[in-house]
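Below is one structure; the comments refer to it alone.
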Amino acid sequence: HPAECRARHVCRAQLNQPANQPAAQTQQPFRSPQQQHNDVKLAACALAATRNVAAAATSNAVVAAAAGDKPARQGADMKKLGMAVAVGAVLWLIPAPAGVATNAWHLFAIFVSTIVGIITMPLPLGAVAMIGLGVAQLTKTLTFPQAFSAFSSEIPWLIAIAFFLARGFIKTGLGNRIAYVIVSIFGKTTLGLTYSLVFAEAILAPAIPSLAARAGGIFLPLCKALCIACGSDPEKGTEKRMGSYLMTTVFHTSCITSGMFITAMAANPLSVNLAAALTGYTITWGQWALAASVPCGILLVAVPLLLYIFYPPEVKDSPEAPAEAKAQLEKMGPMSEEEKIMAGSLSLTVALWVFGGAFGIGGVASALVGMTILMVTGVLTWKECLAEGPAWDTLVWFAALIAMANFLNKFGLIPWFSNLVVSFVQPLGLAWQASFLVVTLVYFYSHYLFASGAAHIGAMYAAFLSVALACGTPPLVAAIALGIVSNNMGCLTHYGIGSGPPFYGAGYVPLTKWWVIGGVLSVFELSVILGVGSVWWKLIGFY
C-alpha cells in the first residue's frame, strides 16, 4: 500500500537508516542487540502508521457518505420485484375462467410472476424461484411435498453434476489440452471452431439420449475450455470475444440435433408411443431420421451463420491461433496423472450414458460414477463442488419451475388450454395445411409454460396431434413434425430444455438477449421445418 510504504520510509528516517539501502547490506548474518531493538521500533512505527492510514480512510468514507456518496445498496431491485409481484397479483385477482379450478389459476399467477422475476432478475434466479415456492405454500396453492417434488427429478441433478464435471475438466488442464488440439486443427476462424463442435455434437446425438448429459456434461465443459483458452471469460468481461457466440450457437444447435433422431432426446420415444396409440402406426428410427435429415440439416448449417451475422463474436479470424495452440501443447507436455484420471472418468461416464440404459443405469447414476472417481482420487473435492455456485443456483430455480409446471398440468390448466385450442381450430373449416400451421404454432409457443420437453409432450402432444388428425393432416406428417418441433421449441427460453440451464449458467449471454435470440430463431426454424419439411416429406412419400 503506498501509504504504508511512506510510513516505513518515515520510520527509517527516524532510525537514521537510509530508505534505499541495498539489499546486500540489509541481509546480515548477525544482528547486534541495538539493531534488533531498531527492528522492533521500525515494525511498531510501521504498524502505527498503517493504523493511522486506515483510520484516515475510514474517516474519509464517513465524510463521503455524509456528502452523499453512499455504498452500493444490496438486496432486491424493488422496481423489478414490484413489477413481478404486480403481474402475479393482477392474475390472481382475475376470476378463473370457466373450466379452470381456482388452485390451478392461482398457481398460474404465481408461475407467471416467477417467470417475470426470472426475466427481470430483481434477485438471483435461485432466490426468485425460492420466493415463488414460498408464496405457493403460504397461499396453500401447493403443499411442501408438491412444491419441492421436482428436487427428486433426475434432470436438475444431472445438470448440477455436469457443472461439477466441467470444473474438474478445466481444473486438471484436460479441457485446455483438448481445446488446444481443436484450435490447432480448426482454429483459424471462430466459425470453423463452432462448426467443428456443432457437427461433433450431431454425431454423438443418436447415441446419447439425454440432452442434459450430452450438452451439459460433454460439450459445455469443452466450450468453456475453448473460450477460456481463447481469452473469452465472463469473469474478466471478455465474454463477447468469442464465448457469447459460441455458447449461444452450440445451445441452439443442440435443440436441433435432439429432434433429428428418436434416440437423441429421452422424450422422443414418448412421442412415438403416443402417436402409435392415436394413428395405429409406429414410426421407425429410420423414418424419423429420414424425415428430419433435410430440414434439420439445413438448420445445422444456417443457424451458426445467422448468429455469426446478428450476434457476431468480436474475434472472427485468428490465423496465428493454430501455431500458438501447438506451442501451448508443447509447453503442457505429456498428460498429467490428474488429466488421465479425468479422461478415464469422463470416458466411463459417457459409456454409461450410451449403454447404461440397457442395464437399467440412469443418467444421474452414470454421472455420479464419474464424480465419485474424481473425488476419491482427489482430482475434485467436495469443497470445490460446494463452491460451484452456478450449479446450485441452477438446481434450485430449474427444479422450482419444473414443479410448478408439473402441477399446472395436474391441476387441469394445461388440459383446459389444449381443449380450448381444439374447440377453436376445428370449427374454422380450414384446409389441413392451414389448420396444422395453427396447431403447430400454438403447440410450439405454449412451451413458455413448460420447464421440460418431456412434460410438454406428455401434457399436450396427444391432444394437438388429435386436432391435427381431425383437420385432415396426414398422420405421419403430423406425428413426426410435432415430434421434431417438440425439441426445437426448447430454444425459446433458458429453462425449456435440458441443455438450456447449463449453457445459460455459464454466464456468457445476458437473459434478455437469450430470450430475444430464442424468439427470433424460433420463427426461422419453424419456417424451415414446416416449409422445407413439407416439400421433403412429399418427395419421400409421407403424403
Would you compute the distance between atom [atom1] of [X] and atom [atom2] of [Y] and round it to the nearest 0.5 angstrom?
{"X": "Phe151", "Y": "Trp157", "atom1": "CZ", "atom2": "CH2", "answer": "8.5 Å"}
{"X": "Ser196", "Y": "Glu201", "atom1": "OG", "atom2": "CD", "answer": "12.0 Å"}
{"X": "Phe524", "Y": "Leu299", "atom1": "CZ", "atom2": "CG", "answer": "5.5 Å"}
{"X": "Ser153", "Y": "Leu158", "atom1": "OG", "atom2": "CG", "answer": "10.0 Å"}
{"X": "Ile480", "Y": "Ser271", "atom1": "CD1", "atom2": "OG", "answer": "11.0 Å"}
{"X": "His252", "Y": "Leu306", "atom1": "NE2", "atom2": "CG", "answer": "11.0 Å"}

Nearest non-hydrogen partners of [X] and [Y], listed with the distance:
{"X": "Cys227", "Y": "Leu246", "result": "SG-CD2, 3.7 Å"}
{"X": "Cys296", "Y": "Ile484", "result": "SG-CG2, 4.0 Å"}
{"X": "Gly297", "Y": "Met260", "result": "N-CE, 4.4 Å"}
{"X": "Pro475", "Y": "Leu469", "result": "CA-CD2, 3.6 Å"}
{"X": "Ala160", "Y": "Ala391", "result": "O-CB, 3.9 Å"}
{"X": "Ala367", "Y": "Thr349", "result": "CA-CG2, 3.8 Å"}

Let me have the donor-acceptor pairs involving side chains of residues 278-286, under 3.5 Å, with sequence neighbours excluded, atom names and distances please.
unit_1	atom_1	unit_2	atom_2	d
Thr279	OG1	Ala275	O	2.7
Thr279	OG1	Tyr281	N	3.2
Thr279	OG1	Tyr281	O	3.3
Tyr281	OH	Gln287	OE1	3.4
Tyr281	OH	Gln287	NE2	2.7
Thr284	OG1	Gln287	N	3.1
Thr284	OG1	Gln287	OE1	3.4
Trp285	NE1	Thr263	OG1	3.1

| task | Please report the C-alpha distance between Leu511 and Trp515 in whole Å, then the side-chain angles of each, then the deciding distance to 0.1 Å, and finally whether the side-chain contact (heavy atoms from CB on, under 4.5 Å) criterion is met. | result | CA-CA 6 Å; Leu511 187 60; Trp515 279 53; 3.7 Å; yes
Would you mind writing out the side-chain donor-acceptor pairs for residues 107-118 within the sub-3.5 Å range, not counting sequence neighbours?
unit_1	atom_1	unit_2	atom_2	d
Ser113	OG	Ala84	O	2.7
Thr114	OG1	Ile110	O	2.8

| query | Got a sec, which residues hit side chain to side chain contact (heavy atoms under 4.5 Å, CB included) with Pro501, two or more places apart in sequence or on another chain? | reply | Ile159, Thr394, Trp397, Phe398
If you define the side chain from C-beta out and look only at heavy atoms, does anything of [X] sit under 4.5 Å from [Y]?
{"X": "His456", "Y": "Ser446", "result": "yes"}
{"X": "Lys513", "Y": "Thr248", "result": "no"}
{"X": "Met247", "Y": "Leu220", "result": "yes"}
{"X": "Ser534", "Y": "Tyr543", "result": "yes"}
{"X": "Tyr195", "Y": "Val301", "result": "yes"}
{"X": "Leu197", "Y": "Leu226", "result": "yes"}
{"X": "Phe542", "Y": "Ile540", "result": "yes"}
{"X": "Asn409", "Y": "Pro415", "result": "yes"}

| said: Could you walk me through whether Ser149 and Phe407 satisfy the side-chain contact (heavy atoms from CB on, under 4.5 Å) test, starting with their C-alpha distance in whole Å, then the side-chain angles of each, then the deciding distance to 0.1 Å, before giving a yes or no? | reply: CA-CA 10 Å; Ser149 59; Phe407 280 95; 3.6 Å; yes
Has the side chain of [X] got a donor or acceptor atom that lies under 3.5 Å from a matching backbone atom of [Y]?
{"X": "Trp105", "Y": "Ile94", "answer": "yes"}
{"X": "Ser366", "Y": "Gly362", "answer": "yes"}
{"X": "Tyr448", "Y": "Gly496", "answer": "no"}
{"X": "Thr190", "Y": "Val315", "answer": "yes"}
{"X": "Trp288", "Y": "Gly259", "answer": "yes"}
{"X": "Tyr461", "Y": "Ala479", "answer": "yes"}

| said: Checking Glu525 now: which residues fulfil salt bridge (charged side-chain N to carboxylate O under 4.0 Å, His left out) with it, not counting sequence neighbours? | reply: none
| request: State which residues pass salt bridge (charged side-chain N to carboxylate O under 4.0 Å, His left out) with Glu239; sequence neighbours excluded, sorted by chain then number. | output: none
| said: Suppose we screen for side chain to side chain donor-acceptor pair (under 3.5 Å). Which residues come up paired with Ser244, at least two apart in sequence or across chains? | reply: none
| With Asn487, which residues qualify under side chain to side chain donor-acceptor pair (under 3.5 Å), at least two apart? | Ser258, Asn268
Table please: side-chain donor-acceptor pairs of residues 124-145 below 3.5 Å, with sequence neighbours left out.
unit_1	atom_1	unit_2	atom_2	d
Gln137	NE2	Leu133	O	3.3
Thr139	OG1	Val135	O	2.8
Thr139	OG1	Ala136	O	3.3
Thr139	OG1	Thr141	OG1	2.8
Thr143	OG1	Gln146	N	3.3
Thr143	OG1	Gln146	OE1	3.4

| query | Of all residues at least two apart in sequence or in a different chain, which pass the ring-ring contact (aromatic ring centres under 6.0 Å, His included) check with Phe503? | reply | none
| Trp416: partners by ring-ring contact (aromatic ring centres under 6.0 Å, His included), with sequence neighbours left out | none
| task | Only pairs at least two apart or in different chains count here, so list each side chain to side chain donor-acceptor pair (under 3.5 Å) that has a residue in residues 295-315. | result | none
| task | For Leu521 and Phe310, run side-chain contact (heavy atoms from CB on, under 4.5 Å): C-alpha distance rounded to whole Å, both residues' side-chain angles, the deciding distance at 0.1 Å, then the answer. | result | CA-CA 11 Å; Leu521 281 183; Phe310 296 108; over 6 Å; no
With a 3.5 Å cut-off and sequence neighbours excluded, list the donor-acceptor pairs that the side chains of residues 432-444 form with protein atoms.
unit_1	atom_1	unit_2	atom_2	d
Ser435	OG	Ala431	O	3.3
Thr440	OG1	Phe436	O	2.7
Tyr443	OH	Ser486	OG	2.7

| request: Apply the test side-chain contact (heavy atoms from CB on, under 4.5 Å) to residues Ile361 and Phe355: give CA-CA distance (whole Å), side-chain angles for both, the deciding distance (0.1 Å), then the verdict. | output: CA-CA 9 Å; Ile361 302 174; Phe355 304 109; over 6 Å; no
